[in-house]
Amino acid sequence: MSTVRTSLVSGAAVAAAVLTVVAGSVARQRVDSGAAILPISAAREPDLSNLLASVSSDVPEGDFFKEMVRLLKREYVEPIQDEHALAYGAVKGMVLSLGDWESQYYAKDEFAAYQRAMSGEYEGIGAELVFDVEARSRFDGGAILQNEEGGNPAQELPIPRLRVVAVTPGGPAEKAGVLPGDVVETVDGRWVPAPEPMLKLQSLSEKMRNIAKLPPAEADALEQEFRTFAGGLKEKWDHRMSPQKARARLSVGTQGAVSVVWRRGSNRRTTEIAKGLSKMPGFSANADGPIVMAFREGDARRLKEAVAGKREVVIDLRGGGIGSFSEMRSALAAIAPSGTYGFVESVRPSQEHPLVVENGNSDPPAITLLVGRTTRGPAEIFALALAKKGLAKTTGGQMGGERSVIETVALPDGSGYTLVTGEYKTEASKPKTESKKAALKKPTPVASLPSTFITSLGGTV
Amino acid sequence: MKRALRVGGFVLALMACFAFGFSWRDLRHGEMPQPRALERLLSSVSSKPVSSEQIFKDAYHKIISSYAREVKPRDLKYAGISGMMASLGDPHTMFLPPDANEQFMTETRARFVGVGAKLGRDALGAKAARVFESGPAYAAGMRAGDIITAVDAVSTAGKSVEDIVKMIRGKEGTIVKLTVLRDGADKEMVLNIKRASVVIPTVDSDYLEKHRIGYMAVSTFSEPTSDQFDEELLKLERKGLKGLIIDVRDNPGGLLESARDLLSRFAENKVVVKMQFRNGTQEVSKTYAGFARPFSYPVVVLINENSASAAEIFAGVLKDYRLATLVGDHTYGKASVQNVFELVDGSSAKITIAKYLLPYGGDISRTVDEDGLYKGGGLSPDVEAKVDFFTRVEIGNPEKDPQLQKAIELIASKAR
C-alpha cells in the first residue's frame, strides 16, 4: 500500500516540477513579448450589436476601441495575435493626427535612442535632428505630404526639412564634416521629401495649365522643362523615404553605416557615415571660462553650486542637446529671483499660464549668456526669460526659434511619444479673436503633387 | 519537523524549477539569466496588467488634456481607430470616419443626392473636374473646368474641397446658387440648381468609326455598372462592331458582385473567384446563368497599375477563360475581399475578410519591399504596352493613347 502511495507522491512531485519549469518558461516568453502575465479579466464582453444598435451616436472612445478589437478578431482574414499592437497603432494614429512635427510617436528602438539622447548619449551618426516646418497649414501656401506612417492616409502634413541642429563633438557626423544647419536630402540613396521641389512642381503645373496661351516655342520649352523636372521628381518620389524613417535611420543603432546626401544652401555633399555611440557635452564648470549649461537631470543643482558666491557669470547655452522644461525651470530658480518669467500658452484651458519661479536666488549675479542657432527649446526659453527681465545680456545672435514646451510620455511596451504642451511667450498674447483673424491669410495656391501622384478622396456634390 | 523540512525543501525545489524554466532561453545561449526580465515579471505581477483598451484611453485623455493646440475629441478618437487598423499592415483594411464613409458609399452606390459634379482643388474655390450629363448642374449650364467661386453668395476662396462640398450638399428638391467662373469669360455666372438624385455614370462608350471598334471605359464596379454596360453595348452594337475594347485602366475596383454580374454576360455558371476566409472555409463565386450573350468579335481589355480589385477580377477571369486579350501594364495586385461594417455613428470599418484566387488558381497578391514599394504581383497583360509617365495621354483618343492604339492594332490583325 505504502509503496503505491510513495510512487504516486513521487509521480506527482515530478509532474509538479516539470510543470513549474514549463510555467517559468511560458512566463518568460510572455514577459519578453510584453504580453500580460496573468490573463486579463474580461469585465463585461460587450456585444457588437451594442455599437450597431446604440441610441446615442457618439460612442465613448474606450468602448469604440473594444468593439473594433472584437470585430477584427471575428472578421479579419488573419488571426489577431497581439491585441496590444492594435493599441499602440491607435496611439500612433492619434499622435500623427495632430499634424505637428514636434509631437511624434516613436517605436521601441527609436524611443530608447531618444531617451538615451536626453541623457547625452547619441546613437546613430551623432546628430540632433529636427523637423523644420515653415507653414502650419496647407492654406499658407506650404507644400504638403500625405500621411504614410499609419492612421488616416488622407491626412495631410506640411512637408518638413530634416535639419541638423547640433552634432556630437568628435562623433561620426562631425568627423564627416556635417554642420548644424545641414539638411538631409537623401538617405541610402532614397530621397527625403522637401518643400522646395514640391513648390517648384506646383508652379510649373500652374504654368502648364495655361500652356495653350503661350507661343509655340515657349510652349515647347515649358513642356520640356516640366517633363524633365517632373519626371525626375517622380523617380525620386517613387523611391522616397518618409522624414520619420529618415530620422530613425540616422538616430537609431550603433552598428552599420549609412550614406547621406546633405544640402547646405545650394551645395550638396555626399557622406558615408559609420554609426556609433557619441556624447553631447553636458554641464561643465571650470574655474576659468564660461559655465556650459545643459538642462539634464541635476544640472540646475550643478548650476547653483557653480554660481555660488560669484558676482558675474558667463553661461554658454549653445550645447545643442535635448533638455527638459522642468529642469530649466529649476535652473531659473537657481540663478534668478522669484517672479514671473513670461507665459506658457496653450489652448487648454485657453489661458496663458505664467511661468512662475519660486524660491529663487534673491541675490543674482550679473549674467552673460552665449547663444546661437543651436540654442533652442529649454535653453532658448531660459535665455529669453532672463533677458526679458533684464537679468542677463545675450551675445551671439539669433537663437533656434524653438520655444515649444514638450512633454515625453513613455508607454508600457517601451515605445513612447512627445507632445507639445505649450508655447513659451515672453509677453501675454493679445485676445483670442485677433489671433483667429490672423489665421485667415490671403489664399495662395496649394502646393501638392498632382493627383497622379496621390489619390485623393475627391468631392462629389 | 522533518515533514516541514521536506515540504519546505520541495517548495524550494519548485522555485528552482520555475527559475530554471524562466532563465532557460538565456542559459541555452550560455548567458547569465537576464535581470531585466525578472524585473518585468515582478512589476507585472505586482501591478495590474495594462489592457490594450487602457493604453488607448490613457493616450487619448493625455492628448485631450495636455496638447497645446486645438484638438477635436471626435477626430482624435477616429484617428486612433484609423491608426489601430493601419497597424495591421493591410492597406485595404481601414477605418472610414463619417465623411470618408459617405464618399465611399456614394462611389459604391454610384448614386447620391446633389447637383451632379465632381470637384477638385483650385485656389479660388473648387474646380468641376466632371459634370455628370444626367445631373441638374449640367442642365443648368455647368461644364467641366468651371470654377465655383461662391455658394449661396458665400465666397469659397481659401476653403478646402471638403468644406466646399459641405456647403453645396443639401436635401433633394432644395435649391443652391453656385457662382461659377469659366475660362475665357470675363464675368462670373450665377447658376440656380435644384438638388436631385443623380446616378453616376460608371461606363462611358465611344464608337471608333475608322476601325468599327467599340470602346467602353468602365471607371468603377458600382451597383449600376452592369446595367450601364448593357445600355452602352447596345448603342455600340447598333453601329456594327468588328471588335470591343473594355478599358479598366485606373479602375480602383468596387463591388465583387458587380464584377460577377458583368462577367455573367460573358460566361455562364463559371468560377469567378475562390475565396479563402480566416477559419479555413472556402467559398466559390460563380457567374449567373441566363445573362450570357455571344461576343462574335475579339474583345480586348485595357489594364494598368491602377486597375485593382474588382477590375483585376474582371480582367483576370476573362484572361483565364481566354474570352479576352489583356493589353497594357500589370495591374495593382489586390487579391483580397473586404466587407464594410457600418457603425452607428456614420463611420464604418472596411475589413479584409478573405483572400481570393482566380479560376485557375492564380494568386495575384501584390508584394512590396520593406518600404512599401512595389516589388511584384498583379495580373500581367497578354500584350505589354507601357506608357511613359509624363507622355500626355488623352484616354480614349487613339491618336494620343498608345495603349489604346495597341489594342486597336491587335483587333485589326485578328479581324483579318
Side-chain angles (χ1 to χ4, degrees), chain A residues 16-17 20-25 27-28 31-32 36-38 40 51-52 54 57-59 61-62 64-66 68 71 75-77 83-87 89-94 97 139 150-152 227 230-231 234 346-347 407 409 412 419-423 443 445-446 457-461, chain B residues 14 17-18 20-22 24-25 37 40-41 44-45 49-53 55-57 59-60 62-63 66-70 76-77 79-84 86-87 100 103 106 112 114-115 117-119 121 123 157-158 161 165 168-169 278 341 343-345 349 351-355 389-390:
Chain A
T20 318
V21 172
V22 171
S25 177
R28 176 56 183 281
V31 160
D32 281 357
I37 308 299
L38 306 170
I40 300 157
L51 193 62
L52 300 173
S54 163
S57 63
D58 207 10
V59 182
E61 70 287 347
F64 212 119
F65 181 86
K66 251 204 202 126
M68 284 291 115
L71 182 60
E75 301 288 344
Y76 188 61
V77 69
E83 204 177 293
H84 283 74
L86 295 173
V91 176
K92 185 175 185 183
M94 288 194 290
S97 76
F139 296 109
N152 182 4
R227 286 196 59 173
K234 164 91 165 77
S346 149
V347 295
E407 200 179 316
V409 182
L419 195 65
V420 173
T421 54
E423 298 277 349
V446 174
L457 288 175
T460 316
V461 285
Chain B
L14 279 184
C17 287
F18 187 83
F20 181 73
F22 195 73
W24 175 237
R25 54 179 59 184
R40 262 180 268 147
L41 173 71
S44 55
V45 169
V50 189
S51 70
S52 58
E53 183 197 346
I55 292 170
F56 173 63
K57 282 173 82 165
Y60 174 84
K62 178 72 187 173
I63 294 172
S66 305
Y67 186 57
R69 297 167 200 129
E70 199 76 57
L76 188 69
K77 176 179 77 179
I81 304 296
S82 293
M84 169 195 186
S87 74
Q103 185 68 33
T106 299
F112 65 100
V115 303
K118 204 160 165 124
L119 303 181
R121 280 199 197 101
V161 174
V165 165
I168 298 176
R169 290 249 179 94
R278 194 209 32 241
F341 299 90
L343 303 170
V344 65
D345 63 351
I351 300 178
T352 299
I353 53 162
K355 300 205 168 128
F389 186 81
F390 282 98

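Just so you know, these numbers come straight off a predicted model, no measurement behind them. In what follows, every chain begins at residue 1, and chains take the letters A, B, ... in the order their sequences are listed.
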### Message
So for A:V409, is it side chain, backbone, both, or neither that comes closer than 4.5 Å to the heavy atoms of chain B?
### Response
side chain
### Message
Please classify the contact between B:L76 and chain A as side chain, backbone, both or neither, with a heavy-atom cut-off of under 4.5 Å.
### Response
both
### Task
Identify which part of B:I55 has an atom lying under 4.5 Å from any heavy atom of chain A, answering side chain, backbone, both or neither.
both
### Query
Within a strict 4.5 Å, meaning less than it, do heavy atoms of the B:I168 and B:L119 side chains meet?
yes
### Listed partners of A:E75 passing salt bridge (Lys or Arg N to Asp or Glu O under 4.0 Å), at least two apart
none
### Query
Excluding sequence neighbours, so at least two apart, what forms side chain to side chain contact (heavy atoms under 4.5 Å, CB included) with B:K57?
A:E61, B:E53, B:H61
### Rounded distance [0.5 Å steps], CZ in A:F65 versus CD in A:E83
6.5 Å
## Note on the structure
Looking only at B:T352, B:V115, B:I351, the option with the highest number of non-hydrogen pairs under 4.5 Å against chain A is B:T352
